[in-house]
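Working notes for the structure below.
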2 protein chains.
Amino acid sequence: MKKEKESTIYDVARIAKVSIATVSRVFNKSSLVTDRTVAHVLEVAKKLNFSPSASARGLSGGKQETIGIILPVLYGNLFSEFIYSIQALAEARGYDIVVAGQKGSPEEFFATVKKLSTKIDGLILMYHIEGIKKEMARRFPKLPNIVLSRFVKYREHVDLVLDNFSGAFMATEHLITQGNRKIALIKGEEGNIDAIERTEGFLSAVHKFGIKKTDVEILEGTFRQISGYNAVQELFLKRKDISAIFASNDAMALGALNWMHRYGMKIPEDVEICGFDDIEFAQMTRPSLSSVYLNTSLFGQKAFEMIMEMISEKRIEDTPKQLIIDPELRVRESSSLDRSK
Amino acid sequence: MKKEKESTIYDVARIAKVSIATVSRVFNKSSLVTDRTVAHVLEVAKKLNFSPSASARGLSGGKQETIGIILPVLYGNLFSEFIYSIQALAEARGYDIVVAGQKGSPEEFFATVKKLSTKIDGLILMYHIEGIKKEMARRFPKLPNIVLSRFVKYREHVDLVLDNFSGAFMATEHLITQGNRKIALIKGEEGNIDAIERTEGFLSAVHKFGIKKTDVEILEGTFRQISGYNAVQELFLKRKDISAIFASNDAMALGALNWMHRYGMKIPEDVEICGFDDIEFAQMTRPSLSSVYLNTSLFGQKAFEMIMEMISEKRIEDTPKQLIIDPELRVRESSSLDRSK
DNA sequence: TATTAAATTGTAACCGCTTTCAGAAAAAAT
DNA sequence: ATTTTTTCTGAAAGCGGTTACAATTTAATA
């Protein structure tokens with residue numbers, strides 16, 4: 001059980017009786033090496049268990065074969081699905097993924113980027129400030145970047161948005177066109193950007209259809225199931241005329257459903273409800289839950305394609321691409337009252 | 001809006017009128033530099049927006065300040081919570097995280113590690129083969145590593161296990177000691193290691209308490225909610241004497257609950273049920289769902305602490321540490337039939 | 001076959017930082 | 001004030017690649 005030493009390009013060159021330049025070319029798929037040489041070098045390299053040093057490559061101006069991802073929170077479904085979809089593609093192209101959390105202030109944020117920038121070829125980030133693309137280009141003129149958002153309001157400033165707002169708008173519009181004129185919103189966590197955007201989508205729809213202020217009830221929530229439960233409890237204690245509820249996520253919608261079941265309300269007969277996220281459980285509840293689906297995998301794929309293109313073209317843009325991924329409303333039993341009966 | 005160039009240690013040295021060695025020392029918190037010099041260099045560095053090149057550092061034998069994580073699937077709750085907990089700690093210590101998926105064959109796996117190894121200081125991995133620690137030490141004598149498992153059976157081969165088996169054992173034992181002598185298992189996804197381990201935990205408990213083979217029913221499942229639904233349907237079509245069910249995860253338990261509700265069965269009066277994972281919804285269902293909780297965050301924290309210790313001590317072990325994180329049974333309404341009444 | 005063009009391969013100069021070793025400066029001792 | 005220590009700083013040699021440019025080999029043309 002001999003200890004294998006880390007072999008370098010020099011070892012490979014020496015054993016293969018070629019120059020290090022040749023070895024380097026082989027590992028970079030340079031076209032100007034004979035097939036015979038390539039085969040030979042590869043063989044030796046394999047025998048020596050050689051793998052080029054990422055550091056050395058990076059240093060000498062080469063690529064890092066790594067892309068960075070900075071998201072607001074490295075947690076939950078967005079994070080999980082997003083990373084998953086990107087990682088699969090990245091791996092196929094020999095790239096690694098480094099993830100970082102995002103700090104509050106711009107200075108902290110840019111410091112994080114600065115530090116990361118020396119080990120990546122490109123960065124996918126989500127950070128909301130005006131003119132983020134320009135600022136990135138100014139501060140990191142050599143670093144390809146793709147700016148993400150879930151906030152369609154920022155569409156002009158970012159490359160890719162997974163449209164939260166429209167999802168909420170569609171859900172609300174759907175509830176209204178089902179015939180409901182008195183409607184409630186269960187908000188998401190205070191300060192959370194998704195929560196804000198979904199609230200705006202709701203309000204926008206409510207406004208578009210001219211629902212009266214007094215027919216709209218806004219309830220606080222935290223995105224957690226229990227807060228949906230508490231919210232409807234409070235709601236129906238206060239008034240009983242609300243016939244439709246839009247919950248800012250499915251967890252809260254289920255919490256709400258739960259309370260209504262417990263107190264004998266019929267869904268969708270008494271109240272129609274629609275959630276957001278389309279989690280797996282949404283299909284299994286009784287009644288099944290209408291929800292808005294955001295294609296996070298596609299979001300990841302697009303982001304990756306875009307960053308790879310920027311990297312390969314070595315063209316750092318400071319004008320956002322402004323691509324939008326639309327949400328999808330999935331209507332199920334909880335909001336399908338057939339009023340014609 | 002001038003373009004800022006990437007400044008190097010030479011620029012800082014020149015402007016600060018010191019040598020690059022001094023600048024290097026300042027950035028490495030070397031004790032042998034005067035406070036005055038440190039302050040001065042830092043000031044210049046800040047003005048130049050200097051940040052040491054990770055590549056150059058790595059190359060010259062220094063640290064990468066990056067740790068790698070290789071998990072079976074970069075998806076779902078384990079991944080999400082695990083990465084989240086580690087990342088928070090890592091960031092506080094100035095480390096970045098690079099994630100990679102795990103391939104099937106050992107050779108593919110080791111190739112992945114090989115490639116990653118040049119850009120990390122240490123690796124946290126989950127991969128099940130005999131003597132993995134020894135093999136890692138042999139192949140990567142310079143790379144600190146922490147081997148993870150959720151399979152307590154492998155405890156002797158790995159550093160840290162989040163004990164799946166015992167969780168299933170505890171849940172089953174609980175159901176049995178509640179007085180149930182006829183019990184069913186809903187298995188997880190075929191081939192999935194967690195599924196296997198949980199099945200073994202169940203069988204082990206059933207065996208310990210001498211439940212008769214004919215009083216045990218094993219049902220197929222996929223970890224998805226619908227499969228739990230289908231499983232109980234099949235079960236009760238076949239026989240009606242089963243009084244307790246252990247579902248290999250909460251999603252399936254909820255699916256099962258759903259079917260039983262629909263067909264008028266009372267939980268826990270007619271059937272007691274216990275799930276696994278303790279997802280948030282477990283507390284909110286009616287009845288609330290008993291479940292097994294695995295502290296994934298703690299798992300991450302421990303793994304990180306361990307790898308950091310190995311890195312700082314520069315001691316690559318080939319003997320596993322064998323630390324086990326115990327599961328926690330959380331009994332709720334779904335398995336709390338008070339039989340004394 | 002000699003000559004020239006094209007295809008390969010080798011040489012050597014970086015890339016930006018760490019670190020050993022030696023020299024200079026400051027502090028302590030005589 | 002001079003010598004001896006102790007501290008701090010600088011010079012220079014790598015670390016392991018990439019790549020422009022030179023050298024060499026092979027193919028093409030006369």
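Every chain is numbered from 1, with letters handed out A, B, ... down the list of sequences.
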Rounded distance (Å) that lies between atom C1' of dT18(D) and atom CD of Glu65(A): 13 Å
Rounded to the Å, how far apart are Arg36(A) CZ and dA7(C) P? 18 Å
Does the side-chain contact (heavy atoms from CB on, under 4.5 Å) test come out yes or no for Phe82(B) and Leu148(B), once each step is laid out? CA-CA 12 Å; Phe82(B) 189 72; Leu148(B) 266 32; 3.3 Å; yes
Nearest-nucleotide pick for Ile9(B), side chain only, options being dC17(C), dG10(D), dG17(D): dC17(C)
The test is side-chain contact (heavy atoms from CB on, under 4.5 Å); show your working for Val113(B) and Met136(B) and say whether it passes. CA-CA 9 Å; Val113(B) 175; Met136(B) 285 296 296; 4.0 Å; yes
Whole-Å distance between dT9(C) P and Lys17(A) NZ? 16 Å
Between Val33(B) and Ala56(A), the residue closer to the 5' end of DNA chain D by nearest nucleotide is Val33(B)
NA contact type, Val23(B), heavy-atom cut-off 4.0 Å: base, sugar-phosphate, or nothing? nothing
Closest to the Ser24(A) side chain: dT18(C), dT18(D), dA11(D)? dT18(D)
Report the nucleotide, chosen from dG10(C), dC8(D), dC17(C), that has the shortest atom-to-atom distance to any side-chain atom of Phe50(B). dC17(C)
Flag side-chain contact, heavy atom, 4.5 Å: Leu123(A) against Ile67(A): no
Base, sugar-phosphate, or nothing: which does Tyr10(A) touch, judged by heavy atoms less than 4.0 Å apart? base
Give the rounded distance in Å between these two atoms: CD1 of Ile20(A) and C1' of dT9(C). 12 Å
Touch check for Thr8(A), heavy atoms < 4.0 angstrom, all strands: base, sugar-phosphate only, or nothing? sugar-phosphate
Residue Leu59(B), side-chain heavy atoms: nucleotide from dC15(D), dT19(C), dT9(C) that is nearest: dC15(D)
Does the plane of the ring in Tyr95(A) sit parallel, tilted or perpendicular to the ring in Phe304(A)? Use 30° and 60° as the thresholds. perpendicular
Whole angstroms only, please: what is the CG-P distance between Asp121(B) and dT18(C)? 13 Å
Which nucleotide in the list dT19(C), dC17(C), dG16(C) gets nearest to the side chain of Arg25(B)? dT19(C)
Taking atom C1' of dG17(D) as reference, at what distance in whole Å does atom CG of Asn28(A) sit? 9 Å
Between dC15(C) (P) and Arg57(B) (CZ): distance, integer Å: 19 Å
Spacing between Gln64(B) atom CD and dT18(C) atom C1', to the nearest angstrom: 13 Å
By nearest heavy atom, map Ser53(A) and Thr22(B) onto DNA chain D; which one lands nearer the 5' end? Thr22(B)
Distance below 4.0 Å between Ser60(A) side-chain N/O and dT18(D) OP1 or OP2: no
So which atom in Asp159(B) and which in Met306(B) form the shortest heavy-atom distance, rounded to 0.1 Å? O-CE, 3.5 Å
Counting any heavy atom closer than 4.0 Å, what does Thr37(A) reach on the DNA or RNA strands: base, sugar-phosphate only, or nothing? sugar-phosphate
